[in-house]
Participant: 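Got a structure for you, written out below as structure tokens; questions coming shortly.
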Amino acid sequence: MKSPKTAPDHRVHETLQRLQHERNTRLAQLNTMEADKPNSNEDLVTAQTTAIRLVLKEIDAAVERVSDGTYGVCGGCDARIPVGRLEILPYVRYCVRCQQQAL
């Protein structure tokens, strides 16, 4: 039987792995765009790299939330963000309802 502390530590580790995977994916996208920049539409590349950099900031913020224990808690209403949403977007900071209200 596992101790109660083992399961949360395991989930934290998995969450950090997912976030690191997201970060690595975005960094690879940036590197590819930078390498192909001379052959691309400059405005499109600028828009895409700006969007990727914003996601990287969200990933960093999610890692901070893991560290301070607020990961998975909506930044708008303090409700738990559904696990399915976090599996799709591990760096998301709002539940669907609050995200829709922000738009």
Participant: Give the cluster check for Ile88 versus Leu16: same hydrophobic cluster or not, with ILVMFWY residues linked at side-chain heavy-atom distances below 4.5 Å.
Facilitator: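 Ile88 and Leu16: one cluster.
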
Participant: What closest approach, in Å, do Arg65 and Tyr91 show between heavy atoms, and which atom pair accounts for it?
Facilitator: NH2-O, 2.9 Å

Participant: Is any side-chain heavy atom of Asp36 less than 4.5 Å from a side-chain heavy atom of Met33?
Facilitator: no

Participant: At what distance, to the nearest 0.5 angstrom, does OG1 of Thr15 lie from CG of Leu86?
Facilitator: 7.5 Å

Participant: Among His10, Gln17, Arg11, which residue satisfies the side-chain hydrogen bond (donor to acceptor under 3.5 Å, both in side chains) criterion with Glu14?
Facilitator: His10

Participant: Tell me whether Leu89 shares a hydrophobic cluster with Val63, the cluster being built from Ile, Leu, Val, Met, Phe, Trp, Tyr side chains joined at under 4.5 Å.
Facilitator: yes

Participant: Between Glu22 and Glu58, is any pair of side-chain heavy atoms under 4.5 Å apart?
Facilitator: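 Glu22 does not reach Glu58 side chain to side chain.
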
Participant: Would you compute the distance between atom CD1 of Ile59 and atom CG of Leu54 and round it to the nearest 0.5 angstrom?
Facilitator: 11.0 Å

Participant: Once rounded to the nearest 0.5 Å, what's the spacing between atom CG of Asn24 and atom NE2 of His21?
Facilitator: 8.0 Å

Participant: Do the side chain of Arg85 and the main chain of Tyr94 share a donor and acceptor less than 3.5 angstrom apart?
Facilitator: yes

Participant: How many angstroms lie between atom CG of Leu30 and atom CD of Gln48, to the nearest 0.5 angstrom?
Facilitator: 10.0 Å

Participant: Passes side chain to side chain contact (heavy atoms under 4.5 Å, CB included), Ile52 versus Leu27? Steps please.
Facilitator: CA-CA 8 Å; Ile52 291 170; Leu27 289 173; over 6 Å; no

Participant: Ile81 and Val73: side chain to side chain contact (heavy atoms under 4.5 Å, CB included), yes or no, with the steps?
Facilitator: CA-CA 6 Å; Ile81 299 172; Val73 177; over 6 Å; no

Participant: Step by step, work out the side chain to side chain contact (heavy atoms under 4.5 Å, CB included) result for Val96 and Gln100.
Facilitator: CA-CA 6 Å; Val96 172; Gln100 289 172 340; 3.7 Å; yes

Participant: Kindly determine whether Arg23 and Arg18 satisfy side chain to side chain contact (heavy atoms under 4.5 Å, CB included), including the steps that lead there.
Facilitator: CA-CA 9 Å; Arg23 171 176 264 297; Arg18 277 198 311 274; over 6 Å; no

Participant: Minimum heavy-atom separation for Tyr71 to Arg80, with atom names?
Facilitator: O-NH1, 3.8 Å

Participant: Which atoms form the tightest heavy-atom contact between Thr70 and Asp68, and what is the distance?
Facilitator: OG1-OD1, 2.6 Å

Participant: With clusters defined by side-chain heavy atoms of hydrophobic residues (ILVMFWY) lying less than 4.5 Å apart, directly or transitively, does Val83 cluster with Val12?
Facilitator: no

Participant: For Cys74 and Cys95, work out which heavy atoms get closest and say how close.
Facilitator: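 Residues Cys74 and Cys95, closest heavy atoms: SG-N, 3.3 Å.
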
